[in-house]
Amino acid sequence: MLDIQILRSDLDNVAARLATRGFVLDTARFIELETARKDIQMRTQELQAKRNSSSKLIGQAKSRGEDTTAIMAEVALVGEGLKAIEIQLVQLQNELQSMLEGLPNMPHESVPVGKSEADNLEVRKVGAIPEFDFVVKDHVELGEKLGGLDFETAAKISGARFSVLKGGLARMHRALAQFMLDTHSDCHGYTEVYVPYMVNAASMRGTGQLPKFEEDLFRVPRQMGEEGEQNFYLIPTAEVPVTNMVRDEIIPLEDLPLKYVAHTPCFRSEAGSAGRDTRGLIRQHQFEKVELVQMVYPDESYAALAQLLGHAETILQQLGLSYRVVKLCTGDIGFSSATTYDIEVWLPAQNTYREISSCSNFEAFQARRLQARFRNAAGKPELLHTLNGSGLAVGRTLVAILENNQLADGSVKIPEVLQCYMGGLKILSAS
RNA sequence: GGAGAGGUGGCCGAGUGGUCGAAGGCACUCCCCUGCUAAGGGAGCAUUCGGGGAUAACCUGAAUCGAGGGUUCGAAUCCCUCCUUCUCCGCCA
């Protein structure tokens with residue numbers, strides 16, 4: 001959520017910056033709502049002040065044993081007027097609030113202006129692209145040949161876009177998550193956390209998935225009390241539960257930065273991407289991810305983003321995978337993000353780089369919704385900056401290893417750093 | 001699932017209809033005192049949103065005592081619904 005003060009004081013500039021990401025801010029509507037809000041709010045508060053002071057007088061008069069019927073009648077009249085105008089005020093504030101919640105974050109000045117992913121900026125390429133002297137197989141073929149990847153059974157028990165992993169593949173999948181968790185907590189200073197996979201609506205709202213992106217989520221209806229219904233939502237990323245840990249909190253300055261790593265499943269309905277990546281593990285309703293989350297002092301958030309990106313890259317380097325880092329342009333960054341770097345891993349069978357991590361600085365955008373603050377040197381609460389990034393998406397990492405480490409006979413070399421997680425095994429073969 | 005007790009400011013903790021945004025304590029900030037031990041005295045110290053002011057200091061209004069609704073001229077205090085925490089029992093991984 002953007003700071004409404006900025007909208008009030010610098011509306012045209014905000015509109016211009018949002019326009020770079022293809023968002024049209026209805027400035028006329030904002031001004032209209034804001035003007036009405038100001039008027040109604042002032043009138044409401046005037047009446048409330050009158051009621052308060054009169055009620056106070058009644059209290060004083062009664063304690064002296066005086067007659068209060070006249071003044072009470074007068075205040076009752078004020079109360080009537082108040083009821084009506086308070087309803088108006090609440091309506092206006094709700095409209096303003098939902099308009100505000102619908103606005104995406106403003107891109108950082110350093111973000112390249114562009115319309116689509118075609119305009120993203122390649123920052124660096126790391127690692128040589130592997131060459132093969134045989135025709136490469138994709139991960140689906142490799143996995144099925146190895147007997148460890150089974151989409152038909154997954155379709156039977158759940159449906160499309162689910163998978164069953166078996167044997168060595170299942171174990172490598174687990175090994176990857178362990179390796180990532182251990183690396184980030186032992187070497188990069190993150191505290192490992194275990195968190196709920198279902199969260200309430202307030203949490204989804206806090207990190208910006210709601211109200212705008214409900215269609216991408218899996219909702220779990222839940223009967224509450226007599227008639228009330230209160231939904232759970234399956235998390236689309238660990239970002240949601242982990243970042244929400246600081247919702248409505250004031251963190252002591254000396255505790256910053258907070259750095260958390262969590263391994264969770266992620267659930268996405270992918271409503272908008274029917275027909276894309278229907279083959280294989282690339283795009284699933286359920287996948288696993290090791291997520292890095294930081295809450296930091298505002299001045300340090302860009303340094304923290306660079307670090308966090310490096311932490312994610314370390315994993316790819318240690319696995320021996322080739323990748324590139326891309327800075328997303330204004331037209332391609334996510335709703336809540338001010339700056340995003342994607343890490344894309346090389347997939348031989350697709351002959352291209354594919355996203356395996358996304359690292360973002362949200363600045364105060366999430367913190368404002370979350371009321372996630374710290375106490376600054378002057379002792380005043382101030383909004384934190386929040387960041388997160390995948391470190392990494394486990395399923396896609398598995399895909400990358402299968403495809404990049406394949407041998408001519410369809411067996412797959414296990415990266416050295418994973419071998420200790422796999423009982424010393426060096427190679428996956430059909431056996 | 002059953003029974004009971006709670007949810008108040010950064011923390012602890014008073015407060016059962018009226019000058020309470022809220023006693024007291026702790027922590028913190030500033031000043032004074034004291035040459036020295038986790039000593040004493042004084043002052044300040046919630047958040048959010050408005051209005052004024054230089055988008056300062058500051059002045060001023062409103063809202064907020066788990067959430068939402070209700071009663072009332074007036075609610076932290078009374079009523080209703082919900083959420084949540086703790087204790088005991090049951091059950092279970």
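Below, chain A is the first sequence line, B the second, and so on; all start at residue 1.
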Trainee: Identify the two heavy atoms, one from Val140(A) and one from Gly280(A), that lie closest to each other, and give their separation to 0.1 Å.
Mentor: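 Scanning both residues completely, I find the closest heavy atoms to be CG2-CA, 3.4 Å.
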
Trainee: Step by step, would you call Tyr190(A) with Tyr260(A) a ring pair (Phe, Tyr, Trp, His ring centres under 6.0 Å)?
Mentor: CA-CA 5 Å; Tyr190(A) 289 80; Tyr260(A) 295 114; 8.9 Å; no

Trainee: Could you state the atom-to-atom distance from CD of Gln371(A) to P of U48(B) in whole Å?
Mentor: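 Value for this atom pair: 7 Å.
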
Trainee: Taking the side chain of Lys38(A) as its heavy atoms from C-beta onward, which of U48(B), G51(B), G10(B) lies nearest to it?
Mentor: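 Closest nucleotide to the Lys38(A) side chain: G51(B).
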
Trainee: How far does the C1' atom of U85(B) sit from the matching atom of C79(B), given to the nearest Å?
Mentor: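 Pairwise C1' distance, U85(B) against C79(B), rounds to 24 Å.
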
Trainee: Enumerate, in order of first residue number, the stems that involve RNA chain B, defined as 3 or more consecutive Watson-Crick or G-U wobble pairs with both distances under 3.5 Å.
Mentor: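 B:1-7 with B:83-89, B:10-12 with B:24-26, B:28-32 with B:40-44, B:46-52 with B:58-64, B:66-70 with B:78-82 - these are the stems of 3 or more pairs that involve RNA chain B.
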
Trainee: Expressed as a whole number of angstroms, how long is the span from Asp248(A):CG to U84(B):P?
Mentor: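 Spelled out: CG on Asp248(A) to P on U84(B) is 16 Å.
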
Trainee: Under the salt bridge (Lys or Arg N to Asp or Glu O under 4.0 Å) test, which residues partner Asp138(A), sequence neighbours left out?
Mentor: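 Once residues adjacent in sequence are excluded, the partners of Asp138(A) under the salt bridge (Lys or Arg N to Asp or Glu O under 4.0 Å) criterion are Arg279(A).
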
Trainee: C11(B), OP1 or OP2 - any side-chain N/O from Arg375(A) closer than 4.0 Å?
Mentor: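 The answer is no; no side-chain N or O of Arg375(A) sits under 4.0 Å from OP1 or OP2.
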
Trainee: Quick check: does any side chain N or O of Arg37(A) sit under 3.5 Å from a backbone N or O of Leu92(A), one acting as donor and the other as acceptor?
Mentor: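 No; judged by distance alone, with no hydrogens or angles, the pair does not exist.
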
Trainee: Which is more 5' along RNA chain B, the nucleotide nearest Ser53(A) or the one nearest Pro381(A)? Just name the residue.
Mentor: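 First, find each residue's nearest nucleotide; the 5'-ward one identifies Pro381(A).
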
Trainee: Which atom names give the shortest non-hydrogen contact between Ala238(A) and Lys289(A), and what distance separates them?
Mentor: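 Taking Ala238(A) first and Lys289(A) second, the nearest heavy atoms are N-NZ, 4.4 Å.
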
Trainee: If the P atom of G25(B) is compared with that of G41(B), how far apart are they to the nearest Å?
Mentor: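 After rounding to an integer number of Å, I get 10 Å for this pair.
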
Trainee: What are the two closest non-hydrogen atoms of Leu2(A) and Phe365(A), and how far apart are they?
Mentor: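 Shortest heavy-atom contact: N-CE1, 3.9 Å.
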
Trainee: Work out which heavy atom in Ala367(A) is nearest to a heavy atom in Leu383(A); give both atom names and the distance.
Mentor: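 Heavy atoms of Ala367(A) and Leu383(A) come nearest at O-CD2, 3.6 Å.
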
Trainee: Compare every heavy atom of Val199(A) with every heavy atom of Pro241(A), then report the nearest pair and how far apart it is.
Mentor: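 Shortest heavy-atom separation between Pro241(A) and Val199(A) comes out as CB-CG1, 4.2 Å.
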
Trainee: Taking atom C1' in both U8(B) and G24(B), compute the distance separating them and give it to the nearest angstrom.
Mentor: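 Result for the C1' pair: 14 Å, nearest Å.
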
Trainee: Considering all heavy atoms of both residues, which atom of Ile427(A) and which atom of Ser411(A) are nearest to each other, and what is their separation?
Mentor: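 Distance-wise, the nearest heavy atoms are CD1-OG, 4.0 Å.
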
Trainee: Using the C1' atom as the reference point in each nucleotide, state the distance between A27(B) and C89(B) in Å, no decimals.
Mentor: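 Here A27(B) and C89(B) have their C1' atoms 40 Å from each other.
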
Trainee: How about Tyr233(A) and Phe218(A): are their ring centroids closer than 6.0 Å?
Mentor: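 Judged by ring-centre distance (under 6.0 Å), Tyr233(A) and Phe218(A) do not meet the cut-off.
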
Trainee: For Asn13(A) and U55(B), give me the distance from atom CG to atom C1', rounded to whole Å.
Mentor: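 Atom-to-atom, Asn13(A) to U55(B), this comes out as 15 Å.
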
Trainee: Does Arg17(A) have any salt bridge (Lys or Arg N to Asp or Glu O under 4.0 Å) partners at least two apart in sequence or in another chain, and if so, which?
Mentor: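 With sequence neighbours excluded, Arg17(A) shows a salt bridge (Lys or Arg N to Asp or Glu O under 4.0 Å) to no residue whatsoever.
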
Trainee: Quantified in whole Å, what is the C1' atom distance between nucleotide A3(B) and nucleotide G9(B)?
Mentor: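 Those two atoms are separated by 33 Å.
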
Trainee: Can you check the distance between C65(B) and C78(B), where both ends of the measurement are the C1' atom (answer in whole Å)?
Mentor: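 After rounding to an integer number of Å, I get 16 Å for this pair.
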
Trainee: Here's a test for you: under ring-ring contact (aromatic ring centres under 6.0 Å, His included), which of Tyr302(A), Phe362(A), Tyr341(A) qualifies with His108(A)?
Mentor: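 Running ring-ring contact (aromatic ring centres under 6.0 Å, His included) over Tyr302(A), Phe362(A), Tyr341(A) with His108(A) returns exactly one hit, Tyr302(A).
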
Trainee: Report the distance from atom CD1 of Ile4(A) to atom C1' of U55(B), rounded to the nearest whole Å.
Mentor: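 About 15 Å, once rounded to whole Å.
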
Trainee: Can you check the Gln60(A) CD to C20(B) C1' distance for me, whole Å?
Mentor: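 These atoms are roughly 14 Å apart.
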
Trainee: Provide, to the nearest angstrom, the distance between the CZ atom belonging to Arg37(A) and the C1' atom belonging to G51(B).
Mentor: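 From Arg37(A) CZ to G51(B) C1': 10 Å.
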
Trainee: Rounding to an integer number of angstrom, what distance separates G6(B) and G66(B) when you compare their C1' atoms?
Mentor: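 Comparing C1' positions in G6(B) and G66(B) gives a spacing of 11 Å.
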
Trainee: Can you name the side-chain contact (heavy atoms from CB on, under 4.5 Å) partners of Asp39(A), sequence neighbours left out?
Mentor: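 Once residues adjacent in sequence are excluded, the partners of Asp39(A) under the side-chain contact (heavy atoms from CB on, under 4.5 Å) criterion are Arg43(A).
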
Trainee: Without decimals, in angstroms, what is the distance between Arg368(A) CZ and U48(B) P?
Mentor: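 Checked: the CZ to P distance equals 12 Å.
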
Trainee: Across the strands shown, which category fits Lys50(A) at heavy-atom distances under 4.0 angstrom: base, sugar-phosphate, nothing?
Mentor: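 Nothing: the residue Lys50(A), judged by heavy atoms under 4.0 Å, touches no strand.
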
Trainee: Sticking with atom P, work out how far U60(B) lies from G21(B), rounded to a whole angstrom.
Mentor: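 Roughly 15 Å separates the two P atoms.
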
Trainee: Between C1' on G51(B) and CD on Gln5(A), what's the gap in Å once rounded to a whole number?
Mentor: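 Atom CD in Gln5(A) sits about 13 Å away from atom C1' in G51(B).
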
Trainee: Polar atom pairs between nucleotides 72-76 of chain B and protein, under 3.5 Å, N or O only, would you list them?
Mentor:
from   : atom 1 : to       : atom 2 : distance (Å)
C73(B) : O2'    : Ser55(A) : OG     : 3.2
C73(B) : N4     : Lys62(A) : NZ     : 3.4
G74(B) : O4'    : Ser55(A) : OG     : 3.2

Trainee: Between the protein and nucleotides 57-61 of chain B, list every N/O to N/O distance that falls short of 3.5 Å.
Mentor:
from   : atom 1 : to       : atom 2 : distance (Å)
G61(B) : N2     : Gln45(A) : OE1    : 3.1
G61(B) : N2     : Gln45(A) : NE2    : 3.0
G61(B) : N3     : Gln45(A) : OE1    : 3.3

